Amino acid sequence: MEQVSAWQAHGGTQGVYSHLSEATGTPMTFSVFVPDHVPGMKLPVLWFLSGLTCNHANVTEKGEFRQACAEQGVIFVAPDTSPRGDDVPDDEGYDFGKGAGFYVDATEAPWATHFRMRSYIEQELPALLAEHFPVDMERQGITGHSMGGHGAMTISLRNPGRFRSTSAFAPIVSPLNCPWGEKALGGYLGADRAAWREYDTCALIEDGARLPDILVDQGYADNFLVEQLKTHRLAEACEAAGQSATIRMQPGYDHSYYFISTFMADHVRWHAERLKG
């Protein structure tokens, strides 16, 4: 692992790091904010998974999380959204290929070789983080935006007990039932829709997966709400299954980082309450 850069900010250190990933077979870059702390102390960690077209830099530069994380004593980790490099296959559309890994392990050619973001996020990067940073892996939370909200909730639902807290900003709640999801899951996983269910939040809840609680913020002015995000499906799935969920529809807010940054500190505090002790 190599340190690409580091800055002092809000009583902590914001770093960017790179390493050669075994899961993807490519160099991968991620950012970590570590609040100042007593030497030897381990801190809880909050994962943030980004959305389509993004990488680690979007939330690192525009997410406005550092002050809240410093106040709460929470490490903040932002991985990339896909493998990258000249040898990595890509697609002409913004919603597939590089920048659009959808946090799956692809099974279809040519994607299966490198597009293994599920293994990277669930296994490889946590091990690297535990080796090099003062993280308490017994106190993890996870959140994300759009495609990353889909990733955060499905990863948490598939790994019961790993994350004490799970939230999302404008998540894709049912890739089985939206154009983004149908293109991505069909392309990465093939035509068998039964294989898609483990990457669909609503389907996982319908199939019996549960979390202690879920927090979701969604903007009413989000131009992707009706066709792609379909937040009502999550509300219906949670109500039918008795899954605790706080789904807040925010008037006037869109899909941008102006929306994310507005509610980021609230999410950090919500996670911190569940990560203490």
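Sequential numbering from 1 along the given sequence is applied to the chain's residues. Given the structure is predicted, the values throughout are model-derived calculations rather than measurements.
- Enclosure of atom OH in Tyr258 is not indicated, since only 12 or fewer non-hydrogen atoms of other residues, nucleotides or ligands lie within 6.0 angstrom.
- Screening residues 188-200 for side chain to side chain donor-acceptor pair (under 3.5 Å) gives Arg118-Glu198, Arg118-Tyr199, Ser174-Asp200, Arg197-Glu206, Arg197-Asp207 as the qualifying pairs, with residues at least two apart or on separate chains.
- Ring geometry, His150 versus Tyr103: the interplanar angle falls from 30° to 60°, so the pair is classed tilted.
- Contact record, Ala106 with Leu189: CA-CD2, 4.3 Å, taken as the closest heavy-atom pair.
- Between atom OH of residue Tyr257 and atom NZ of residue Lys62 there is a gap of 6.5 Å, rounded to the nearest 0.5 Å.
- From Ile172, atom CD1 reaches atom CE of Met153 across 9.5 Å, with rounding to the nearest 0.5 Å.
- Residue Leu215 shares its hydrophobic cluster (ILVMFWY side chains chained together at separations under 4.5 Å) with Trp270.
- Taking the six-membered ring for Trp and thresholds of 30 and 60 degrees, Phe259 and Tyr253 have ring planes inclined between 30 and 60 degrees apart.
- Across Tyr220 and Gly252, no two heavy atoms sit closer than the pair CB-N, 4.4 Å.
- Rounding to the nearest 0.5 angstrom, the gap separating the CD atom in Gln243 from the CD1 atom in Ile205 is 5.0 Å.
- In this structure a side-chain-to-backbone donor-acceptor pair under 3.5 Å is present from Thr81 to Cys54.
- In this structure, CZ in Phe48 is found 13.0 Å from NE2 in His56, a value given to the nearest 0.5 Å.
- Remark: the Gln140 side chain and the Arg164 side chain contain no N/O donor-acceptor pair separated by less than 3.5 Å.
- Inter-residue side-chain proximity for Leu46 and Val77 is flagged as unmet; no heavy-atom pair is nearer than 4.5 Å.
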Quick one: do Lys276 and Gln72 satisfy side-chain contact (heavy atoms from CB on, under 4.5 Å)? Show the steps, please.
-> CA-CA 9 Å; Lys276 292 177 180 177; Gln72 299 295 330; 3.4 Å; yes
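- Criterion: ILVMFWY side-chain heavy atoms under 4.5 Å apart, direct or through other members. Under it, Val59 and Tyr120 are not part of a common hydrophobic cluster.
- In this structure, Asp91 does not pair ionically with Lys98, as no charged nitrogen and carboxylate oxygen lie closer than 4.0 Å.
- Ring planes of His267 and His271: tilted class, angle from 30 to 60°.
- In terms of hydrophobic clustering, with Ile, Leu, Val, Met, Phe, Trp and Tyr side chains grouped at heavy-atom distances under 4.5 Å, Tyr94 and Leu49 are assigned to a common cluster.
- Of all heavy-atom pairs between Ala6 and Thr13, the closest is CB-CG2, 4.2 Å.
- At a threshold of 4.0 Å, the pair Glu122-Arg158 counts as salt-bridged, since one of the basic side-chain nitrogens sits closer than that to a carboxylate oxygen.
- Contact annotation: the side chain of Gln14 approaches that of Arg66 to within less than 4.5 Å [non-hydrogen atoms, C-beta and beyond].
- Between the side chain of Ser146 and the backbone N or O of Gly148 there is no donor-acceptor pair closer than 3.5 Å.
- For the atom pair CE of Met147 and OG of Ser50, the computed distance is 8.0 Å after rounding to the nearest 0.5 Å.
- Placement of Val135 and Val74 in two distinct hydrophobic clusters is found when ILVMFWY residues are connected by side-chain heavy-atom separations under 4.5 Å, directly or transitively.
- Glu182 is not listed as a side-chain neighbour of Pro175, based on a closest heavy-atom distance of 4.5 Å or more.
- To the nearest 0.5 Å, atom CZ of residue Arg248 and atom CG of residue Asp217 are 4.0 Å apart.
- Glu124 places a side-chain N or O within donor-acceptor distance of the main-chain N or O of Ala23, the cut-off being under 3.5 Å.
- No donor-acceptor pair under 3.5 Å is formed between the side chain of Asp80 and the backbone N or O of Thr29.
- A perpendicular orientation is assigned to the rings of Phe96 and Trp111, their planes being inclined by more than 60° (bins at 30° and 60°).
- When all heavy atoms of Ser156 and Thr166 are compared, the pair lying nearest together is OG-OG1, 2.7 Å.
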